[in-house]
Amino acid sequence: MPELCVGERRWAVPTGSNLLDALNDAGLNVPYSCRAGSCHACLVHCLAGQPLDALPEALALDKHALGWRLACQCRVVEDLQVALFDPQRDGVPAHVCALDWFGDVLRVRLRPERAVRYQAGQHAVLWNGSVARPYSLASLPGEEDFLEFHIDCRRPGAFCDKARGLQVGDVLRLGEFRGGALHYDPDWQDRPLWLLAAGTGLAPLWGILREAVRQGHRGEIRVLHVAEDSAGHYLAGPLQGMAGVTTELVMAEHVEEALAGLRLTSRQTVALVCGAPGSVERFARRLFIAGVPRGQVLADVFVEHA
């Protein structure tokens with residue numbers, strides 16, 4: 001059986017063992033969320049030996065070449081020496097500069113100790129102590145000196161429970177920044193742009209919307225936001241105050257009626273959708289019925305965090 005080594009610890013594991021499970025079964029508490037290679041919370045550094053990586057394209061080529069791997073996607077097939085991601089050593093410190101509650105949604109603004117590069121619509125892994133979770137960026141790069149995240153705290157969860165106790169001045173750590181499925185393409189400037197979100201799925205679309213406006217988008221822009229209650233429409237004021245943007249705020253019980261009313265004005269329409277799996281599936285189905293070609297629907301599915 002191959003040996004797995006972390007620091008001074010060395011133990012044998014069955015050939016083909018999932019690396020994340022092998023590490024956590026040994027009590028090393030590597031964080032994870034999706035187990036699908038999307039959240040990047042389980043990032044580890046392979047120092048010697050190579051695991052069998054089922055999803056090498058999930059990491060940037062340069063990061064992969066340096067030996068970083070997503071533990072959930074790797075199997076141990078030979079002796080392997082691994083260093084765990086240490087947020088104190090490997091993460092970027094970021095100070096909480098503002099906290100605002102909108103019902104059960106917590107808006108967190110962080111000011112990193114050094115500049116970080118990102119694009120509207122990307123995700124970042126947030127570390128609060130030993131707990132890490134991925135969240136979409138709602139801020140606009142180049143315009144704001146903080147990073148903004150919208151955290152849904154309706155349900156209990158390891159990260160949400162800690163987030164409720166945050167105070168201005170606290171320090172979180174930033175881990176992996178990565179591109180999601182959502183972005184703004186300058187080639188879309190003359191095309192209708194529809195943005196459909198459920199809950200805090202609005203976060204990346206808020207950044208993308210402002211990126212589109214900044215780049216002088218000339219086509220129709222339409223935003224549809226679904227929430228459980230009126231407090232859930234936490235960006236209602238800013239959205240409705242944006243010139244040239246049509247905003248529809250929809251309660252969850254009326255979502256089918258609202259989606260059935262979608263009327264396509266151009267086959268060139270691009271639709272960006274974000275939210276929980278059920279909401280994204282509903283959006284995509286209705287957009288197809290409305291006539292938006294499948295290749296012009298970009299979706300980002302939020303994973304519920306434990």
Side-chain angles (χ1 to χ4, degrees), residues 1-94 113 116 122-135 151 155-163 165-166 170-180 277 301-306:
M1 293 192 297
E3 284 194 330
L4 190 55
C5 176
V6 179
E8 299 298 319
R9 297 185 59 179
R10 184 181 296 271
W11 69 102
V13 299
T15 302
S17 296
N18 178 271
L19 179 56
L20 175 63
D21 291 338
L23 294 168
N24 283 339
D25 288 347
L28 292 173
N29 299 321
V30 178
Y32 66 91
S33 181
C34 70
R35 297 188 69 99
S38 296
C39 75
H40 289 210
C42 63
L43 196 66
V44 297
H45 195 191
C46 295
L47 304 177
Q50 289 294 331
L52 183 62
D53 190 349
L55 199 65
E57 65 273 15
L59 288 174
L61 288 176
D62 58 344
K63 203 171 189 71
H64 194 272
L66 289 173
W68 291 96
R69 298 291 186 271
L70 300 178
C72 72
Q73 296 301 303
C74 291
R75 297 201 171 274
V76 184
V77 293
E78 63 183 38
D79 290 354
L80 189 63
Q81 182 181 0
V82 172
L84 306 185
F85 184 92
D86 182 350
Q88 297 300 317
R89 179 192 64 218
D90 304 317
V92 177
E113 288 189 2
V116 295
Q122 283 191 304
H123 304 174
V125 176
L126 294 184
W127 287 79
N128 190 348
S130 62
V131 181
R133 294 292 184 269
Y135 286 97
I151 300 175
R155 299 180 181 85
F159 194 94
C160 290
D161 292 346
K162 292 176 73 69
L166 284 174
D170 286 348
V171 179
L172 302 185
R173 299 274 168 167
L174 301 169
E176 178 83 352
F177 282 75
R178 62 187 183 86
V301 180
F302 276 12
V303 178
E304 291 193 1
H305 303 314

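Counting begins at 1 with the first residue of the sequence. Please read all numbers here as calculations on a predicted model, not as lab measurements.
- Looking at every heavy atom in both residues, P14 comes nearest to P2 through C-CD, 4.3 Å.
- Nearest approach of C46 to L80, heavy atoms of both residues: SG-CD1, 4.2 Å.
- The closest donor-acceptor contact from the side chain of R178 to the backbone of Q122 lies at 3.5 Å or more, if one exists at all.
- Note that CG of N128 and CG of L172 are 5.0 Å apart. Values are rounded to the nearest 0.5 Å.
- Proximity of a side-chain donor or acceptor of H64 to a complementary backbone N or O of A58 within less than 3.5 Å is not detected.
- What you find for V13 and A22 is that their closest heavy atoms are CG1-CB, 4.1 Å.
- Closest non-hydrogen pair, P93 versus V171, comes out as CB-CG1, 4.1 Å.
- Taken from NE2 in H40 to NZ in K63, the straight-line distance is 10.0 Å, to the nearest 0.5 Å.
- Contact check for L4 versus L19: side-chain heavy atoms found under the 4.5 Å cut-off.
- In this structure, the separation between CH2 on W11 and SG on C5 is 8.0 Å, given to the nearest 0.5 Å.
- A pairwise comparison of heavy atoms in G175 and F85 identifies CA-CZ, 4.0 Å as the closest pair.
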- Message: As a quick check of understanding, evaluate side chain to side chain contact (heavy atoms under 4.5 Å, CB included) for E176 and L59, giving each step before the final call.
- Response: CA-CA 10 Å; E176 178 83 352; L59 288 174; 3.7 Å; yes

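- For R133 (side chain) and P31 (main-chain N/O), no donor-acceptor pair under 3.5 Å exists by modelled atom type.
- With 3.5 Å as the limit, one finds no donor-acceptor pair spanning the side chains of H45 and D90.
- Note that the CG atom of D53 and the CZ atom of R69 stand 5.5 Å from one another [nearest 0.5 Å].
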- Would W68 and V44 count as a side chain to side chain contact (heavy atoms under 4.5 Å, CB included) if you check the C-alpha gap in whole Å, the side-chain angles of each, and the deciding distance to 0.1 Å? CA-CA 6 Å; W68 291 96; V44 297; 5.8 Å; no

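- Note that the CD1 atom of I151 and the CG atom of L126 stand 6.5 Å from one another [nearest 0.5 Å].
- Taking all atoms of both residues into account, the shortest heavy-atom contact from P277 to F302 is CD-O, 3.4 Å.
- The side-chain hydrogen bond (donor to acceptor under 3.5 Å, both in side chains) pairs that include a residue from residues 76-88 are Q88-R173, where partners are two or more places apart or lie in different chains.
- Aromatic ring pairs are classed by plane angle as parallel below 30°, tilted from 30° to 60° and perpendicular above 60°; the pair Y135 and F159 is tilted.
- With rounding to the nearest 0.5 angstrom, the CG atom of L55 is 8.0 Å from the SG atom of C72.
- If you run side chain to side chain contact (heavy atoms under 4.5 Å, CB included) between V6 and each of L84, L47, V30, only L84 comes through.
- Residue pairs satisfying the side-chain hydrogen bond (donor to acceptor under 3.5 Å, both in side chains) criterion with at least one member in residues 14-32, sequence neighbours excluded, are listed as follows: D21-R35.
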